[in-house]
Novice: 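This is the structure I have questions about; it appears just below.
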Amino acid sequence: MDAKHSDDVYGRARVQDSDELKTYYKELENLGAGALWTVANDIEPWEPRANSVPMLWKYDDLRALVLKSSELVTPEQAGRRVVYLVNDKRKDVAAAVGWLYTGIQVTRPGEFTSAHRHRASALRFIMEGEKGYTVVDGNKIMLEVNDFVITPNSTWHEHGVEEGGKTCIWQDGLDIPLVNALEANDYAVLEGKQELTAPLNYSPVAYGCAGLIPADKVWDKPYSPLFKYSWSNVYPALLEAEKVSEINPFDGVFMKYSNPLTGGHVMQTMGASMQLLPAGFKGKSHKHTGSFVYQCAKGKGYSIINGQRFDWTARDIFCVPSWAWHEHHNLSESEDACLFAFNDLPVIEKLGLYQEKEYSENNGFQFYN
Ligand SMILES: [Fe+2]
Ligand SMILES: [Fe+2]
């Protein structure tokens with residue numbers, strides 16, 4: 001929340017209405033046109049403006065209802081059994097924040113979804129369960145809690161849980177609202193299951209080990225060849241990084257999931273990160289463009305977003321809208337806390353729209369509740 005800029009200044013639209021102008025506006029309207037100065041200040045805000053509001057979705061509140069969906073509808077009926085999380089101000093586009101969609105999907109042992117693909121990109125963050133798997137473009141990959149998985153734009157994918165496993169619940173993240181806003185989405189269903197074209201876990205084993213990549217293979221896709229980022233690698237890496245890194249005052253030990261071939265974002269439209277907030281960490285406040293959906297992977301703490309405090313613990317999901325002041329705090333003095341997040345930064349950055357501001361008494365105000 002910033003002090004309001006006045007529009008009553010040179011360079012901004014400040015035309016006083018008159019009967020003659022009103023008639024003129026009507027004439028334009030009848031021709032499918034309008035006078036820019038009547039809308040200019042609204043469509044060209046002084047600073048980035050988010051339509052979304054900060055929100056927190058408590059897993060304790062939602063879990064029973066997510067599980068209930070697995071009694072009410074079958075995967076065959078629903079396609080995917082998902083409870084989606086929708087921002088109070090983005091219901092019209094089914095977005096959790098900005099142009100990002102998120103949902104919580106449940107799959108019981110022995111169940112699987114239809115194989116399908118869409119122009120929207122998707123990612124998953126595993127919340128609970130055992131022996132869950134995904135098949136992405138013929139690569140079958142086993143999933144464990146806190147693993148991060150990608151299904152990029154137009155890759156065939158299907159998911160399931162092996163017989164003898166435990167009911168799996170994971171968070172889906174997609175850029176559906178963005179791709180729909182660009183009027184470019186599509187969807188296709190595959191008859192039957194995908195043919196497996198690689199040995200089990202090929203992608204994470206071939207591209208996710210020790211910084212090695214296959215030297216005799218060419219990967220020419222515009223997304224990461226590493227489809228799964230294992231918590232069993234990620235968490236130890238964060239602990240090691242904590243020992244040798246300068247702690248980021250806003251984000252603690254702050255790591256981006258990256259395409260191992262380029263060091264860039266994992267997909268063309270969505271990026272993701274994992275951050276470790278050391279015990280007792282009290283983050284400084286800043287704001288930047290880009291929309292963010294967080295899930296607490298470990299620990300407990302709170303975030304203050306545009307002056308409102310949101311307390312989170314493992315599996316809770318919350319969002320930070322573009323240009324919202326935010327700061328993260330670990331409530332424990334002895335345990336670290338970890339926050340997974342996905343975002344639209346690849347788009348924001350490629351379009352030259354990223355900007356960031358550190359909070360100070362002079363450029364904004366925070367109130368706490
Ligand atoms: Fe999908
Ligand atoms: Fe931030």
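As the structure lists them, so they are numbered: ligands from 1, and atoms in each ligand from 1. All values derive from a computational prediction rather than experimental measurement. Values below: all heavy atoms of this structure, side chains included; hydrogens, waters and symmetry mates excluded.
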Novice: What about the rings of Phe318 and Phe310, do their centers lie closer together than 6.0 Å?
Specialist: no
Novice: Does the ring centre of His328 sit less than 6.0 Å away from the ring centre of Phe250?
Specialist: no
Novice: Give every protein N, O or S atom lying under 2.8 Å from the Fe ion (ligand 1), naming each by residue and atom.
Specialist: His116 NE2, His118 NE2, His157 NE2
Novice: Taking only residues two or more places apart in sequence, or in another chain, which ones meet Asp186 in a side-chain hydrogen bond (donor to acceptor under 3.5 Å, both in side chains)?
Specialist: Arg119
Novice: Taking only protein atoms, how many N, O or S atoms are found under 2.8 Å from the Fe ion (ligand 2)?
Specialist: 3
Novice: Can you confirm if the NZ or CZ of Lys228 lies within 45° of the ring axis of Phe148 and under 6.0 Å from the centre of its six-membered ring?
Specialist: no
Novice: Can you sort out the partners of Arg315 under side-chain hydrogen bond (donor to acceptor under 3.5 Å, both in side chains), two or more places apart, ordered by chain and number?
Specialist: Asn146, Gln295
Novice: Is Lys217 close enough and on-axis enough to Trp219, meaning under 6.0 Å and within 45°, for cation-pi?
Specialist: no
Novice: Should the ring pair His116 and Tyr187 be called parallel, tilted or perpendicular, given that the plane angle runs from 0 to 90° and is split at 30 and 60?
Specialist: parallel
Novice: Should the heavy atoms of other residues, nucleotides or ligands under 6.0 Å from CG of Asp61 be counted, would the total exceed 12?
Specialist: yes
Novice: Using a strict 4.0 Å threshold on nitrogen-to-oxygen distance, state whether Lys287 and Glu47 make a salt bridge.
Specialist: yes
